[in-house]
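Okay, structure first, notes after.
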Amino acid sequence: MHTSARIAGLLTGVTLALGGVGFLAPAAHADIPACTRMVELTGVAVSGAVTSACTQGVHNDLKGCVAGLTAAGVPGGAANGACRSAASPP
């Protein structure tokens with residue numbers, strides 16, 4: 001294999017790898033705003049505890065998310081819905 005072909009293959013691989021990271025990284029945080037918006041609709045201010053709980057929802061820890069949101073003052077049904085929206089892909 002020629003050196004130019006190896007370099008082209010390497011650059012293509014690096015581009016695809018970095019492109020894949022670019023697609024995955026925003027998706028992990030895209031649902032936190034949906035969760036926090038639902039919390040705001042209940043009249044509860046978004047705090048660090050709320051954001052932390054919504055982050056748990058993004059990582060499919062629904063029990064931890066609901067527990068965190070209810071501890072922050074979000075009613076149970078709304079907390080459940082917010083956490084489910086965090087766990088759902090955008």
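FYI, the numbering just counts along the sequence from 1.
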Would you please name every residue forming a side chain to side chain contact (heavy atoms under 4.5 Å, CB included) with A79, sequence neighbours left out?
V66, L69, T70, V74
D31 side chain vs A34 backbone, donor-acceptor pair below 3.5 Å
no
Does R37 reach the side chain of E40, with side-chain heavy atoms less than 4.5 Å apart?
yes
Among residues two or more places apart or on two chains, list those pairs meeting side chain to side chain donor-acceptor pair (under 3.5 Å) that have a residue in residues 80-90.
N80-R84
At their closest point, which heavy atom of G73 faces which heavy atom of V44, and how far apart are they?
O-CG2, 3.5 Å
Sulfur to sulfur, is the gap between C83 and C65 shorter than 2.5 Å?
yes
Can you give each donor-acceptor pair under 3.5 Å made by side-chain atoms of residues 45-54, sequence neighbours left out, with the distance rounded to 0.1 Å?
{"from": "S47", "atom 1": "OG", "to": "A49", "atom 2": "N", "distance (Å)": "3.4"}
{"from": "S47", "atom 1": "OG", "to": "V50", "atom 2": "N", "distance (Å)": "3.4"}
{"from": "T51", "atom 1": "OG1", "to": "S47", "atom 2": "O", "distance (Å)": "3.2"}

